[in-house]
Amino acid sequence: MRTTTFIFLLLGCMCLNAQSVDCSGAKTGNFTITLGDMVTEIERDEQFQYETMGKAKIKTRVEWTSACSYTLIFVKANKAYYKVVGKDAPTPDISVTITAVDGNTYSIEAAPQGLQAMEFKMVKTK
């Protein structure tokens with residue numbers, strides 16, 4: 001009987017721990033993603049995300065699909081963006097899942113539609 005009770009308590013604790021990721025701080029604010037020497041600065045409000053990578057700028061609409069998942073839908077970009085990727089480059093939706101939170105750092109998986117997911121660290125700066 002004690003073993004059964006212990007197993008139920010252990011499973012209950014594991015379930016509570018798995019659901020304890022608080023992603024609310026990622027809904028709005030300023031963030032950075034650094035990949036090697038490339039830094040992406042992000043400003044996010046309730047509806048839109050604005051990304052700056054050097055001179056390239058992108059605006060996407062943010063649709064939250066769950067507490068820790070959202071989709072980025074391309075709205076527009078500046079000429080510098082198209083100069084880098086080409087004027088006819090596809091702009092797929094990107095599904096993002098926050099997998100862990102450590103202080104102001106969010107571990108995310110981003111999967112452009114039809115492509116393999118990539119893992120990043122997104123740091124909240126403001």
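Residues T40 and M122 form no side-chain contact, since every pair of their non-hydrogen atoms from C-beta on lies 4.5 Å or further apart. Counting heavy atoms from C-beta outward, V62 and W64 have side chains that approach closer than 4.5 Å. Side chains of F48 and V75 form a contact here, defined as non-hydrogen atoms less than 4.5 Å apart. In this structure, T60 and I94 have side chains that are not in contact, with every pair of non-hydrogen atoms separated by 4.5 Å or more. By the 4.5 Å heavy-atom criterion applied to side chains, K124 and K126 are not counted as neighbours. Using a 4.5 Å heavy-atom cutoff, the side chains of K121 and Y106 are not in contact. The shortest distance between side-chain heavy atoms of T32 and I42 does not fall below 4.5 Å.
A cation-pi contact, defined as under 6.0 Å to the ring centre and within 45° of the axis, links R44 to Y70. Taking the centre and axis of the six-membered ring of Y50, the NZ or CZ atom of K59 falls outside the cone set by 45° and 6.0 Å.
The hydrophobic cluster containing L35 also contains I108, counting ILVMFWY residues as joined when their side-chain heavy atoms lie under 4.5 angstrom apart, directly or transitively. The hydrophobic clustering, which links ILVMFWY residues whose side-chain heavy atoms are closer than 4.5 Å, places V84 and V39 apart. Under the 4.5 Å side-chain heavy-atom criterion for ILVMFWY residues, a single connected hydrophobic cluster contains both L72 and M38. Criterion: ILVMFWY side-chain heavy atoms under 4.5 Å apart, direct or through other members. Under it, M53 and M118 are not part of a common hydrophobic cluster.
Taking all atoms of both residues into account, the shortest heavy-atom contact from A80 to K55 is CB-O, 3.4 Å. Considering all non-hydrogen atoms of both residues, P92 and P112 come closest at CG-CB, 4.1 Å. Across T65 and T71, no two heavy atoms sit closer than the pair CG2-OG1, 3.9 Å. Closest non-hydrogen pair, G25 versus F31, comes out as O-CZ, 3.8 Å.
For the atom pair OG1 (T91) and CD (Q113), the distance works out to 10.0 Å, reported to the nearest 0.5 Å. Considering OH of Y81 and NZ of K76, their distance stands at 14.5 Å, rounded to 0.5 Å. For the atom pair CD of E41 and CD of E51, the computed distance is 11.0 Å after rounding to the nearest 0.5 Å. Note: S95 OG to E63 CD = 10.5 Å, rounded to the nearest 0.5 Å.
The 12-atom threshold is not exceeded at NZ of K83, counting heavy atoms of other residues, nucleotides or ligands nearer than 6.0 Å.
Counting only distance, with no hydrogens or angles, the side chain of N78 and the backbone of K57 share a donor-acceptor pair below 3.5 Å. A donor-acceptor distance shorter than 3.5 angstrom exists from the side chain of T125 to the backbone of N30, with no hydrogens or angles considered.
Evaluated for a side-chain contact (heavy atoms from CB on, under 4.5 Å) with V101, the options T105, I98, T99 yield exactly one hit, I98.
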